[in-house]
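Accompanying notes for the structure given below.
Start at 1 and go down the list; that is how both ligands and their atoms are numbered.
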Amino acid sequence: MTDNTVDPRRRRFLTGTATVIGGIGAGFAAVPFISSFQPSARAKAIGAPVEVDISKLEPSQRIIQKWRGKPVWIVRRTPEMIEGLKGFAPEVLRDPESDKSAQPGYAKNAWRSENPEYLVLVGVCTHLGCSPSFVPEMDAAGMGSPWNGGFFCPCHGSKFDLAGRVYMGVPAPANMEVPPYQFLTETRLVIGIDKENAA
Ligand code: FES
């Protein structure tokens with residue numbers, strides 16, 4: 001005859017074992033999930049958006065903010081500088097409409113920015129990655145003509161205008177890159193995120 005009575009001590013043991021095994025299973029399942037949605041400190045350091053205060057940036061000045069290990073320049077252009085972006089003869093710039101260059105949609109225009117007054121640019125030459133010098137003066141010595149202000153790369157002589165558009169006849173193949181960015185207020189902007197990618 002089969003004994004159907006259950007020893008309460010044995011039941012407690014079985015129930016406890018099942019709970020522990022279930023707990024281990026849940027633990028293994030939970031670890032990858034947690035690690036997948038919490039960015040590491042390194043990921044934050046190299047990829048996180050950065051906020052910049054531009055309230056002290058005067059017309060014709062530039063400030064530099066590091067983002068993803070690269071220098072990002074913010075230049076406040078004067079009305080004369082904005083005017084100087086127009087009217088280059090077709091043979092002066094390699095990609096005047098920025099058709100073959102890297103920028104968000106809102107920066108694919110004559111001044112390559114959301115607001116003509118502020119240029120935001122990755123400060124890296126598109127030839128071999130040197131960091132060009134800021135030469136904002138009109139007709140600056142040694143820059144040739146036309147020169148309405150811009151950037152000069154001393155490594156191999158590439159020249160860019162004040163929208164980061166590359167001149168013809170220099171080694172750099174493309175305009176300088178415009179990163180994604182967004183104005184939070186009139187004097188604060190965030191680099192690394194924008195309205196186009198925020199959805
Ligand atoms: S790296 Fe700038 S011209 Fe070569």
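- Note on atom 2 (Fe) of ligand 1: protein N/O/S atoms under 2.8 Å are Cys125 SG, Cys153 SG.
- Contact detail for Val135 and Met143: the closest heavy-atom pair is CG1-CG, 4.1 Å.
- Inter-residue side-chain proximity for Arg77 and Glu117 is flagged as unmet; no heavy-atom pair is nearer than 4.5 Å.
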Q) Would Thr126 and Asn175 satisfy side chain to side chain contact (heavy atoms under 4.5 Å, CB included), going step by step from the backbone distance to the final call? A) CA-CA 7 Å; Thr126 54; Asn175 297 342; over 6 Å; no
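- Less than 2.5 angstrom separates the SG atom of Cys130 from that of Cys155.
- For residues 121-146, the pairs satisfying ring-ring contact (aromatic ring centres under 6.0 Å, His included) are His127-His156, Phe134-Phe151, with sequence neighbours left out.
- In this structure a side-chain-to-backbone donor-acceptor pair under 3.5 Å is present from Tyr106 to Tyr181.
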